[in-house]
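The sequence lines fix the lettering, A, B, ..., with proteins before strands; numbering per chain opens at 1. Remember, predicted model here, so these are calculated numbers, not experimental data. Hydrogens, waters and symmetry mates play no part in the numbers below; they use all other heavy atoms, side chains included.
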Amino acid sequence: MSGVRPTPAARAGRAVVVAIALLWSLGPVAYGVVLSMRPYAEVTRDPLGLPTALDLSAFATAMRDEADGGFGLGRFVLNSLGVALGTVVLSIVVCVLGAYAAARLRYRGRAVTNGIILAVYLFPGIVLAVPKFVILSRLGLTSSLVGLLIVYVAATVPVALYMMRNFFLALPASVEEAAIMDGCTLSQLLVRVVLPIAVPGVVATAIYVFMIAWNEYFYALLFLVQHRDLWTAPLGIAQLGDFQVPVTVLLAGSIAVTVPVVIVFFLAQRYIVSGLVQGAER
Amino acid sequence: MTPGRPPSARARIARASGAERSGAGPFPAAPRRTSTGRARRENRSGWLLVSPSLAVVGLVVLLPFALVVVFGFSEIRLVDIPYLGTEPIEWSLENFRRAAASQAFWGALWTTVLYAGLTAAGSLAVGLVLALALRRPFAGRGLVRALLLVPYVLPVVAAATIWKTMLNPQYGVVNAFGRAYLGWDTPVGFLSTTTADVWGIPVPVALLVVVLFDIWKSAPLAFLFLTARLQSVPGEIEEAAALDGANRRQNLRFILLPQLRAVALLLLLLRFIWSFQSFDDVYLLTEGAGSTQVMAIQVYTELVTKADIGSAAAFGLLMSLILGVLLVGYVALSRRTDES
């Protein structure tokens with residue numbers, strides 16, 4: 001990368017832009033973290049102050065069960081975890097198979113099926129919320145985590161297919177060719193040859209799917225708002241905001257559900273990013 | 001969150017991948033004697049592997065879409081759900097007629113177009129500035145890049161809670177700062193004020209705050225896509241331009257920006273589509289107060305508050321019609337630029 005050399009003025013300009021960008025991106029998050037560690041009374045008295053002592057009681061209050069004087073976020077987190085992990089398993093199994101076929105196999109109707117999958121992905125989701133709600137409530141699943149699981153699998157399959165297909169296309173086909181020459185069957189090929197080299201892609205896709213399910217709010221609201229036991233973590237935090245819950249506790253809850261996804265995302269960041277942006281490079 | 005890709009890029013990837021070029025996936029060209037058997041086997045394997053994906057798509061996307069069309073053209077309310085499938089459908093155009101006649105619908109449509117348009121333009125602009133600023137390597141660039149992604153990764157509920165607190169009239173940091181240092185007389189209700197006069201110009205406060213929130217959350221994705229595209233601009237072009245005496249501004253204007261045009265157009269379209277149907281961001285911040293009733297909130301209100309499935313479906317169908325027209329326009333536009 002040479003081209004035009006940056007002048008000192010350009011360099012200073014870049015430093016300013018980077019500083020502003022970091023402040024803009026991280027400022028609100030840092031504010032949330034700081035506030036979650038201050039006592040509520042102090043926040044209302046002096047909104048601009050910094051924490052005088054490290055006070056983590058808001059986190060404990062948020063997590064504890066209602067019976068112990070808390071707000072039950074611990075249970076909401078478990079609900080979220082169950083639904084999100086279930087979504088990951090189902091969605092990944094479906095998508096590894098589908099994406100491999102889309103990337104490598106020639107079958108009749110392949111162009112059509114690929115086209116349908118791409119179209120689905122650009123489809124406005126809110127339109128489908130109405131019929132999905134009707135179907136699932138007709139089946140009696142709208143007041144259960146199972147209904148939510150079904151919706152999340154459906155919501156994540158298109159994007160997971162897209163990412164997995166990108167990863168498969170980036171893998172060299174020569175290993176598979178050699179395995180087939182040696183007489184591998186399709187299932188042997190998938191389990192022994194393809195999956196081991198596709199592990200980074202599978203993990204990255206799984207993490208991305210997990211994030212979508214973990215962060216989802218709309219369907220949780222639509223299905224479960226009447227059933228406090230079944231609230232997911234995002235729904236719980238949003239609903240508690242309407243009650244008389246101290247804002248420091250709400251922020252503590254928000255930070256607590258954020259930290260795991262941020263950490264996991266950054267561990268797999270390179271793979272997730274490359275899976276997402278492939279195709280934009282040309 | 002879900003990027004698509006322009007047709008040209010897809011074609012190029014197909015060409016670049018040896019698998020698709022060789023004509024038969026990883027399966028090598030077989031001797032003529034067995035080729036039909038192999039093709040048949042590959043055909044069967046393909047369908048076997050892709051059928052779970054198709055089943056999910058069919059059951060949870062295509063079937064619901066067929067149903068939403070039926071609902072949109074019939075009188076059906078939440079109380080009718082238990083009798084669904086047992087009674088004949090009453091067809092009617094009433095839902096669409098009511099939507100077209102209602103002030104709420106047109107108001108929501110305008111708000112949504114404004115919201116989606118401003119968000120799309122804003123997140124592209126912010127993403128572009130970030131991508132250009134971080135283009136050349138410097139110490140700590142990897143870390144900065146990663147940190148800039150935080151708003152995108154944050155659960156929307158957590159982000160909205162933080163922003164609501166920040167803008168709170170009683171204890172929020174923005175109002176506290178404004179009153180302490182900027183001489184504001186009264187706290188500003190950023191999330192409930194429809195319009196305020198700033199130097200005599202009426203400004204839609206709540207809507208702009210929601211737009212700003214959405215830009216904050218979505219610009220990192222634009223930044224990622226633009227960075228990926230910038231990295232594949234061949235260095236020789238810029239070197240040649242520099243030898244010919246191009247300065248930095250000319251380099252940007254005549255070399256980099258034209259290279260980014262296709263991906264920028266795609267990002268604009270995708271962000272517009274996603275924001276056009278966005279519910280979470282607006283609902284969590286304002287619940288539709290301060291004239292931020294976007295279409296998605298209207299659909300939700302028709303369904304949950306008014307218990308009118310038919311009307312909610314009709315609103316949703318009208319939304320997809322608008323997006324469909326937009327998508328067709330985009331495809332036509334990118335075809336034409338591909339040819340020229």
Side-chain angles (χ1 to χ4, degrees), chain A residues 1-4 14 17-18 21 25 28-29 32 43-44 47-48 94 97-98 100-101 104-108 113 120-122 124 126-128 130-132 137-138 154 157 159 161 169 173 176-177 180 186 215 217-218 234 237-238 247 250 254 257-258 262 265-266 273 276-277 279-282, chain B residues 2-5 9 12 17-19 24-28 42-43 45-47 49-50 52-53 56-57 60-61 64 67-68 81 84 130 133 148 150-151 153-155 157-158 161-162 165 171 173 176 224-225 228-229 232 235 238-239 242 248 251 263 277 279-280 296 303 312-313 316 320 323:
Chain A
M1 290 254 267
S2 52
V4 189
R14 182 181 65 199
V17 173
V18 168
S25 308
V29 182
V43 171
T44 48
L48 292 177
V94 168
L97 302 179
Y100 185 74
R104 290 282 205 260
L105 299 178
R106 299 250 138 190
Y107 53 93
R108 231 169 291 130
T113 51
V120 158
Y121 192 16
L122 291 174
I126 192 88
V127 183
L128 300 181
V130 177
K132 275 186 206 163
S137 65
R138 183 77 174 87
V157 157
V159 69
L161 269 175
L169 284 176
E176 291 152 57
E177 279 163 21
I180 288 161
L186 181 69
N215 294 356
Y217 168 71
F218 175 67
I237 291 170
V247 70
L250 280 183
S254 301
V257 301
T258 300
V262 171
F265 177 82
F266 284 124
V273 169
L276 279 177
V277 302
E281 288 157 21
R282 282 155 203 277
Chain B
T2 47
R5 63 156 79 108
R12 240 177 248 124
S17 85
F27 299 84
E42 196 174 334
N43 189 30
S45 313
W47 277 104
L49 294 188
V50 87
S53 304
V56 170
V57 166
V60 211
V61 180
L67 277 180
V68 81
I81 288 182
L84 219 66
L130 294 180
L148 291 180
V150 166
V153 183
L154 212 61
V157 173
T161 307
I162 292 173
T165 311
Y171 49 74
V173 68
L224 283 182
F225 271 75
R229 184 64 189 82
S232 64
E238 282 181 79
E239 275 165 35
R248 288 176 56 80
N251 183 45
V263 72
Q277 48 175 321
F279 172 86
D280 296 1
L303 180 65
S320 30
L323 290 180

Of the non-hydrogen atoms in [X] and [Y], which two are nearest, and what is the gap between them?
X        : Y        : answer
A:Val127 : B:Val68  : O-CG2, 3.6 Å
B:Ile162 : A:Pro28  : CG2-O, 3.1 Å
A:Asn215 : B:Val153 : ND2-O, 3.5 Å
B:Pro155 : A:Thr258 : CD-OG1, 3.5 Å

Side chain, backbone, both or neither: which part of [X] has an atom under 4.5 Å from a heavy atom of chain B?
X        : value
A:Phe265 : side chain
A:Val262 : both
A:Val94  : both

Less than 4.5 Å to any heavy atom of chain A: does that hold for the side chain of B:Leu303, its backbone, both, or neither?
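Side chain of B:Leu303 only, per the 4.5 Å heavy-atom cut-off to chain A.
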
Given a strict heavy-atom distance threshold of 4.5 Å, which part of B:Leu148 is in contact with chain A: side chain, backbone, both, or neither?
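Both parts, backbone and side chain.
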
Contact winner vs chain A - B:Pro151, B:Pro52, B:Pro64, heavy-atom pairs under 4.5 Å:
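The answer is B:Pro64.
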
Best-contacting candidate, B:Leu67, B:Leu154, B:Thr165, against chain A by heavy atom pairs under 4.5 angstrom
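Maximum pair count with chain A is reached by B:Thr165.
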
Using a 4.5 angstrom heavy-atom cutoff, name the option from A:Val17, A:Leu97, A:Val29 with the most pairs to chain B.
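Max contact count across the listed options: A:Leu97.
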
Distance in Å, A:Tyr100 OH paired with B:Leu49 CG, rounded so as to fall on 0.5 Å steps:
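A:Tyr100 atom OH to B:Leu49 atom CG measures 8.5 Å (nearest 0.5 Å).
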
Please report the C-alpha distance between A:Phe266 and B:Val150 in whole Å, then the side-chain angles of each, then the deciding distance to 0.1 Å, and finally whether the side chain to side chain contact (heavy atoms under 4.5 Å, CB included) criterion is met.
CA-CA 9 Å; A:Phe266 284 124; B:Val150 166; 3.9 Å; yes

